[in-house]
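Working notes, beginning with the structure itself.
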Amino acid sequence: MQASAKVPRSRVLRQPQNARYDRATVHGILDAGLIGHLAFAADGWPYVIPMLYARDGERLILHGSVASRLMRSLGNGARACLAVTLLDGFVLARSAFNASVNYRSVVVFGRAISLTAEEEKKHALRVLSDHVLPGRWADIRPPSPKELFVTSVLAMQIETATAKVRTGPPKDDPDDLTWPCWAGVVPLRMVAGEPQPDGSLSAPPDYVLQDARFR
Ligand SMILES: Cc1cc2nc3c(=O)[nH]c(=O)nc-3n(C[C@H](O)[C@H](O)[C@H](O)COP(=O)(O)OP(=O)(O)OC[C@H]3O[C@@H](n4cnc5c(N)ncnc54)[C@H](O)[C@@H]3O)c2cc1C
């Protein structure tokens, strides 16, 4: 990962005090997120596609059908940009102008390559599965050669990455502080519902029941 603050396309201009360029913050947000929006250019158009991802060291793992436009467009080292957003709260100010949201976000620039060796693909898919739900990969049937064949797995090297983090209460104008409406933060988080068995085994495994991220 390059020093992102020195690369113009990776430098935050607005609210630069909220920008973070250090590896630990970038990695922490990437590891806490599940969904990224991947941008790339194909056939003269920009595409932005939401998808699962996982971090494996200094690269991001992405997967999809060998038939998908995204996989065909990106597998040969084309430029891509992935944005990850964690929404942490509504920031309700006394004016629309000062209203905001608390968030942690990351924008990554890099190039992807297609992984072709069977063991490399399996490793990447395990990393992805364990990122989405730690412990699941060890429980499920391993992928068959045919399933691996029809699955494209990409590794996107993180070339530059920027994080942006907003925390805290609204910043109202002093003159607005007497305006008679409620102001403050409404925290937001992702919460899992009750597991719904498909009819086979009724008791969900511990790694589902104890996944602290959703509690
Ligand atoms: C949930 C959410 C809601 C937002 N809503 C708005 C909105 O309604 N209006 C608005 O103007 N802005 C909004 N933002 C902020 C927005 O993402 C940009 O940060 C902002 O538009 C300022 O961009 P810029 O001109 O400084 O940088 P740009 O020139 O647009 O971007 C330059 C570089 O800075 C980095 N960067 C920019 N923004 C981010 C980011 N959020 N996270 C990580 N890296 C970043 C990237 O590397 C990017 O390539 C929102 C952000 C989040 C996470």
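Remember, predicted model here, so these are calculated numbers, not experimental data. Atoms within a ligand are numbered from 1 in the order they appear, just like the ligands themselves. For this chain, numbers begin at 1 and follow the sequence in order.
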Check whether any protein heavy atom sits under 4.0 Å from [atom].
| atom | answer |
| --- | --- |
| atom 25 (O) of ligand 1 | yes |
| atom 34 (O) of ligand 1 | yes |
| atom 11 (O) of ligand 1 | no |
| atom 1 (C) of ligand 1 | yes |
| atom 49 (O) of ligand 1 | yes |
| atom 7 (C) of ligand 1 | no |
| atom 42 (N) of ligand 1 | yes |

What atoms of ligand 1 come closer than 4.0 angstrom to any heavy atom of [X]?
| X | value |
| --- | --- |
| Thr85 | 1 (C), 53 (C) |
| Phe109 | 47 (O), 49 (O) |
| Arg14 | 22 (C), 24 (P), 25 (O), 26 (O) |
| Arg11 | 32 (C), 33 (C), 34 (O) |

Can you pull out the closest protein heavy atom to [atom]? Residue, atom name and distance to 0.1 Å, please.
| atom | value |
| --- | --- |
| atom 53 (C) of ligand 1 | Tyr103 CD1, 3.2 Å |
| atom 3 (C) of ligand 1 | Val101 CG2, 3.9 Å |
| atom 37 (C) of ligand 1 | Val12 CG2, 4.0 Å |
| atom 40 (C) of ligand 1 | Ser105 OG, 3.3 Å |
| atom 47 (O) of ligand 1 | Ser10 CA, 3.2 Å |

### Message
Tell me the closest heavy-atom pair linking Asp31 and His131, and the distance in Å.
### Response
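Scanning both residues, the minimum pair turns out to be O-CE1, 3.1 Å.
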### Task
Could you pull out, from Lys164, Arg9, Arg104, the option with a heavy atom nearest to atom 18 (C) of ligand 1?
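Among Lys164, Arg9, Arg104, the closest heavy atom to atom 18 (C) of ligand 1 belongs to Lys164.
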### Message
Among Asp88, Val26, Val107, which one puts a heavy atom closest to atom 45 (C) of ligand 1?
### Response
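It is Val107 whose heavy atom sits nearest to atom 45 (C) of ligand 1.
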### Task
Would you please say whether a donor-acceptor pair under 3.5 Å links the side chains of Gln17 and Gln15?
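Looking only at side-chain atoms, Gln15 and Gln17 do form a donor-acceptor pair, the distance falling under 3.5 Å.
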### Message
What I want to check is whether the side chains of His27 and Glu58 have a donor and an acceptor closer together than 3.5 Å.
### Response
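Result is yes, a qualifying pair exists.
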### Message
When you measure from the side chain of Arg20 to the backbone of Asp22, do you find a donor-acceptor pair of N or O atoms at a distance under 3.5 Å?
### Response
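Checking the backbone N and O of Asp22 against the side chain of Arg20, no donor-acceptor pair under 3.5 Å is found.
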What's the separation between atom [atom1] in [X] and atom [atom2] in [Y], rounded to the nearest 0.5 Å?
| X | Y | atom1 | atom2 | answer |
| --- | --- | --- | --- | --- |
| Ser114 | Asn76 | OG | CG | 7.5 Å |
| Arg69 | Asp43 | CZ | CG | 6.0 Å |
| Ser105 | Arg166 | OG | CZ | 12.5 Å |

### Query
Does Arg79 make a cation-pi contact with Phe109, if we ask for NZ or CZ under 6.0 Å from the ring centre and within 45° of the axis?
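Ring-cation test returns no.
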### Task
Indicate, with yes or no, if Met156 and Val84 share a hydrophobic cluster defined by side-chain heavy-atom contacts under 4.5 Å among Ile, Leu, Val, Met, Phe, Trp and Tyr.
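Cluster IDs for Val84 and Met156 match.
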### Members besides Leu13 in its Ile/Leu/Val/Met/Phe/Trp/Tyr cluster (side-chain heavy atoms under 4.5 Å)
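So far as hydrophobic clustering goes, Leu13 is joined with none.
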### Connected-component partners of Leu177 among ILVMFWY, side-chain separation under 4.5 Å
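Besides Leu177, the cluster holds no residue at all.
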### Task
Identify whether the distance between the nearest side-chain nitrogen and carboxylate oxygen of Arg136 and Asp130 falls below 4.0 Å.
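Judged by the 4.0 Å cut-off on N to carboxylate O distance, Arg136 and Asp130 do not form a salt bridge.
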### Query
Under 3.5 Å, N or O to N or O, is Leu13 touching ligand 1 that way?
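By distance alone, the answer is yes.
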### Query
Any idea which part of Thr162 is under 4.0 Å from ligand 1, heavy-atom wise: side chain, backbone, both or neither?
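Both the backbone and the side chain of Thr162 come within reach of ligand 1.
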